[in-house]
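Residue numbers begin at 1 in each chain, while the letters A, B, ... track the order of the sequences.
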Amino acid sequence: MAAQKPSVPKGTRDFSPVEMVKRNFIFDTIKNVFKRFGYLPIETPSMENLSTLMGKYGEEGDKLLFKILNSGDYLSKVKSNLSEVESNKLALEISEKGLRYDLTVPFARFVVQHRSEITFPFKRYQIQPVWRADRPQKGRYREFYQCDVDVIGSNSLLNEVELIQIIDHVFQDLKVNAIIKLNNRKILLGIAEMIGEPEKFIDITVAIDKLDKIGLEKVNEELLLKGISESAIEKLKPIFELSGSNKEKLSSLKKIVKDSETGLKGVEEIETVLNYFKTLKLNIDLELDLTLARGLNYYTGAIFEVKAKDAEIGSICGGGRYDDLTGIFGLKDVSGVGVSFGADRIYDVMEQLNIFPQEIVASTKVMFVNFGEKEEIYCLPLVQKLREEGVNSEIFPESAKMKKQMTYANNKNIPYVILVGDNEMQSGLLTVKDMVTGEQSELKFEELLQKIS
RNA sequence: GUGGUUGUAGCUCAGUUGGUUAGAGUGCCUGAUUGUGGUUCAGGAAGUCGCCGGUUCGAACCCGGUCUCCCACCCCA
């Protein structure tokens with residue numbers, strides 16, 4: 001039988017040690033910031049009941065869910081006529097579980113399910129993979145990690161402020177130049193009301209979200225196509241033409257939505273958030289962007305999106321406030337707000353810009369060459385001592401040829417190689433080779449410690 | 001889901017109008033050097049030409065299907 005060619009499913013990837021070291025650098029950096037702001041970790045299962053996931057991400061979202069086939073003789077339980085039933089109807093009859101699509105909905109489920117154990121406001125972070133069945137392309141995978149921070153059970157806009165600070169910290173620590181775009185769904189709703197098309201709210205937001213990508217004309221075409229009247233489109237025009245500083249945009253916006261209570265509330269919320277930053281230091285740019293809409297329709301208040309300034313890859317972080325996500329699961333009046341960092345896209349940006357710190361790649365600092373049994377017995381306690389001193393060390397596991405052992409150290413980027421043979425065992429010194437300069441010196445153990453620390 | 005594109009050695013890629021035995025660079029292995037990697041030199045191994053079928057005396061090359069990669073749309077981290 002011919003060996004089958006090994007491969008992984010479309011849109012999924014293996015990660016080599018070098019890649020994992022870099023990925024862990026991103027995860028660790030993000031995690032440390034989360035912890036510094038008082039967030040605690042949780043995890044939820046990779047799969048959820050489809051009833052938990054369906055209908056939370058819009059029509060498109062449902063299509064992008066990976067569904068898991070029921071176990072056993074699932075076909076025998078199908079009630080519909082197989083030759084007539086539609087695929088998506090059948091899917092629900094033979095599948096009751098699916099892979100999670102994001103971390104926010106499982107979190108809402110978690111909160112409702114564990115409400116009696118939770119003290120509110122509940123601040124949690126969660127770093128796990130999610131799955132989406134769309135076609136892979138640049139910066140888009142079928143399996144990728146999200147790093148979510150959310151606070152639930154508090155309406156305070158201080159939480160929005162805190163999330164912006166977290167984003168600021170993360171990208172500062174990662175040394176990624178980024179910009180936060182901020183908007184508020186209430187403003188978008190107010191605008192929809194103003195132009196007399198409140199029921200077309202979703203269509204309007206999706207269309208204006210594309211403004212910077214496809215331009216005003218195409219957006220207007222799309223709006224017409226969705227059945228929005230020309231006069232309404234005409235009224236939208238001044239919103240697209242808003243410019244200047246955040247302050248200027250807000251004051252002209254106030255006039256536009258002056259007759260919409262919701263709209264004014266949204267403007268006020270943004271003003272409040274921005275006012276906090278009059279006295280807080282913020283390194284990242286924070287920009288009010290009226291064309292930011294975000295597709296997920298559970299957002300009700302503030303919405304955020306972060307873009308890398310020096311790379312073209314879509315958003316690397318996004319989120320917002322959701323007033324009633326727990327309501328779906330039976331817990332009313334619990335508002336939450338959170339953001340999600342796209343670790344894989346951040347990786348792509350950092351890789352493209354070549355800004356991973358050099359020193360994270362070297363894992364082993366010292367390697368002992370293995371000359372044979374006698375020497376092993378002599379070296380092993382030394383390796384142990386180095387490890388006790390916190391130095392990452394290893395001994396080559398067999399007395400292979402020098403060339404092989406040196407090549408191993410070289411390929412693994414090990415900076416120091418130690419040679420201990422008859423001479424060294426007699427003198428009690430260690431021959432230490434600096435793999436960068438090629439220089440060798442005979443040192444006492446303590447001198448070695450000093451040299452490498 | 002729609003449209004386009006790619007696939008040849010572990011990796012990056014050549015390969016003429018369809019014509020003997022499919023090449024290069026790099027990596028790998030061996031030796032020059034039995035206690036010295038990264039540089040140099042000599043030698044060596046390595047390919048169902050993505051897969052299935054068709055056309056042809058003959059296919060890496062032409063045709064059809066399929067999978068995969070990448071890109072755009074939809075949507076999104």
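In this structure, CG of Asp134(A) is placed 14 Å from C1' of rU2(B), rounded to the nearest angstrom. The nearest whole Å value for the distance from the CZ atom in Phe27(A) to the P atom in rA77(B) is 16 Å. If you measure from atom NZ of Lys138(A) to atom C1' of rC74(B), you get 19 Å, rounded to the nearest angstrom.
Inspection of the Tyr39(A) and Asp150(A) side chains reveals no N or O donor paired with an N or O acceptor under 3.5 Å. Between the side chains of Arg124(A) and Gln126(A), a donor-acceptor pair is found at a separation under 3.5 Å. No hydrogens or angles considered: nothing links the side chains of Ser51(A) and Asn49(A) as a donor-acceptor pair under 3.5 Å. In this structure, a donor-acceptor pair under 3.5 Å is present between the side chains of Arg321(A) and Ser335(A).
Within residues 315-329 of chain A, the residues that place at least one heavy atom under 4.0 Å from RNA chain B are, in residue-number order, Ser315(A), Ile316(A), Cys317(A). The stretch residues 36-45 of chain A does not touch RNA chain B, since none of its heavy atoms comes less than 4.0 Å from the strand.
Base pairing of rU48(B): no nucleotide in any strand meets the Watson-Crick or G-U wobble criterion (both distances under 3.5 Å). Nucleotide rA59(B) has no partner under the Watson-Crick or G-U criteria, as no pair reaches both atom distances under 3.5 Å. rU16(B) is unpaired under the Watson-Crick or G-U wobble criterion, no partner having all donor-acceptor distances under 3.5 Å.
Remark: the separation of the P atoms in rA9(B) and rC75(B) is 39 Å, to the nearest Å. Comparing rC49(B) with rU21(B), their C1' atoms sit 15 Å apart, to the nearest whole Å.
In this structure, Glu60(A) and Met406(A) both approach RNA chain B, and ranking their closest nucleotides by distance from the 5' end singles out Met406(A). Of the residues near RNA chain B, Lys10(A) and Gly342(A), the one whose nearest nucleotide (by heavy atom distance) lies more toward the 5' end is Lys10(A).
Nucleic acid contact for Asp422(A): base, since at least one base atom lies under 4.0 Å from a heavy atom of the residue. No contact: Glu143(A) has no heavy atom under 4.0 Å from any strand.
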What nitrogen or oxygen pairs link the protein and nucleotides 38-42 of chain B at under 3.5 Å?
{"residue": "rG38(B)", "atom": "O4'", "partner": "Asn410(A)", "partner atom": "ND2", "Å": "3.2"}
{"residue": "rG38(B)", "atom": "N2", "partner": "Val436(A)", "partner atom": "O", "Å": "3.2"}

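Neither OP1 nor OP2 of rG37(B) sits under 4.0 Å from any side-chain N or O of Lys401(A).
The aromatic ring of Tyr408(A) does not sit over the base of rG37(B); the criterion of centres under 5.5 Å apart with planes under 30° is not met.
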